[in-house]
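Written below as structure tokens is the structure these notes are about.
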Amino acid sequence: MDLKGRAFPSVYRLRVLLMLFHTMARITAEQEVENLSGLSTNPEKDIFVVRENGTTCLMAEFAAKFIVPYDVWASNYVDLITEQADISLTRGAEVKGRCGHNESELQVFWVDRAYALKMLFVKESHNASKGPEATWRLSKVQFVYDSSEKTHFKDAVSAGKHTANSHRLSALVTPAGKSYECQAQQSISLASSDPQKTVTMILSAVHIQPFDIISDFVFSEEHKCPVDEREQLEETLPLILGLILGLVIVVTLAIYHIHHKMTANQVQIPRDRSQYKHMG
């Protein structure tokens with residue numbers, strides 16, 4: 001009985017220590033984040049890195065702006081009119097994140113936490129004609145904003161914290177093992193807790209990879225968005241057509257030159273039989 005009595009507290013203490021160690025490890029992992037926006041040559045673009053166990057597990061570069069409608073009193077103080085706040089993600093933002101095998105998350109806070117952005121990424125497998133394929137996507141966006149903040153909001157009615165969420169979002173779909181890149185602007189609509197208001201999130205200059213990063217601080221092969229691919233084709237198509245046209249002209253001139261040279265060297269047979277005596 002004494003041995004069992006002494007063994008039970010030891011086992012209990014061991015379990016408590018393991019739980020504390022696990023909790024501390026998770027906290028440490030969540031806090032292992034870096035804001036590298038100062039390295040960007042684009043003043044509007046932010047760079048965030050999440051690292052766990054000393055390895056980069058999520059990288060995100062993007063510029064973000066939020067168009068937020070809000071109500072103010074008209075000059076008669078009877079009617080309401082709708083104004084619009086343009087809120088950009090600023091440098092020096094606080095960042096948090098976590099990585100998982102099938103789910104990763106990025107959280108960004110700025111202006112003394114008056115604004116907060118949460119982006120949730122998921123990786124999933126599905127059956128295709130060639131067999132099972134894995135992709136990742138942006139599955140949820142949440143934007144929390146404080147309409148009592150005076151820099152962007154002017155005398156908002158019902159000023160205070162509001163939350164805007166995406167609905168059934170499936171954006172930035174990318175094959176597993178690749179990063180997503182898109183320079184073009186992309187809009188995502190968010191339903192706000194402020195009644196009958198829709199917040200628009202505008203992303204641009206995006207380069208994100210929330211899973212399967214092989215090298216520290218290095219994106220994997222890019223998967224470009226259709227808009228960028230189309231624009232790249234529109235830019236290169238005139239060059240390709242010009243090269244083809246130039247090649248056709250060169251070949252035509254070469255054929256003409258060869259034909260002209262062969263014709264000039266050809267022996268002219270006299271048509272008048274009396275001229276044959278002069279030949280030879």
Got more than 12 heavy atoms from elsewhere within 6.0 Å of NE2, His101?
no

I would like to know whether Val122 and Asn102 meet side chain to side chain contact (heavy atoms under 4.5 Å, CB included); could you show each step before the answer?
CA-CA 6 Å; Val122 296; Asn102 294 318; over 6 Å; no

Minimum heavy-atom distance between Val199 and Ser192, given as atom pair plus value
CG2-CB, 4.2 Å

Is the closest side-chain heavy-atom distance between Ser215 and Ile213 below 4.5 Å?
no

Do the side chains of Phe217 and Glu34 get nearer than 4.5 Å, heavy atoms only?
yes

For a 4.5 angstrom cut-off between non-hydrogen side-chain atoms, does Gln186 reach Ser204?
no

Would you mind checking if Arg113 and Glu94 are paired as a salt bridge, meaning a charged N to carboxylate O distance below 4.0 Å?
yes

Do any N or O atoms from the side chain of Arg137 and from the backbone of Leu169 form a donor-acceptor pair under 3.5 angstrom?
yes

Salt-bridge criterion met for Lys123 and Asp212 (N-O under 4.0 Å)
yes

Inspect the surroundings of CG in Asp112 and state if more than 12 heavy atoms from other residues, nucleotides or ligands are less than 6.0 Å away.
no

Side chain proximity check, Phe219 to Met59, heavy atoms < 4.5 angstrom
yes

Check: Leu117 and Val141 side chains under 4.5 Å, non-hydrogen atoms:
yes

Side chain to side chain donor-acceptor pair (under 3.5 Å) between Asn53 and Thr55, worked out:
CA-CA 6 Å; Asn53 301 321; Thr55 304; over 6 Å; no

When you compare the side chain of Val50 with that of Thr56, does any pair of heavy atoms fall below 4.5 Å?
no

Quick check: is Val206 connected to Ile47 through a chain of hydrophobic side chains (ILVMFWY, heavy atoms under 4.5 Å apart)?
no

Are Asp46 and Arg91 close enough that some pair of their side-chain heavy atoms sits under 4.5 Å apart?
yes

Run the salt-bridge test on Lys178 and Glu222 with the 4.0 Å N-O cut-off and return the result as yes or no.
no

Report the distance from atom CD of Gln107 to atom NZ of Lys96, rounding to the nearest 0.5 Å.
5.5 Å

Testing Lys197, Lys154, His162 one by one against Tyr70 for a side chain to side chain contact (heavy atoms under 4.5 Å, CB included), which residue passes?
Lys154

CD1/Ile214: more than 12 non-hydrogen atoms of other groups inside 6.0 Å
no

So how far is it from Lys45 NZ to Glu61 CD, rounded to the nearest 0.5 Å?
4.5 Å

Measure the shortest side-chain to side-chain distance between Tyr145 and Phe66 over non-hydrogen atoms and say whether it is less than 4.5 angstrom.
no

Sidechain N-carboxylate O distance under 4.0 Å for Glu103, Arg98:
yes

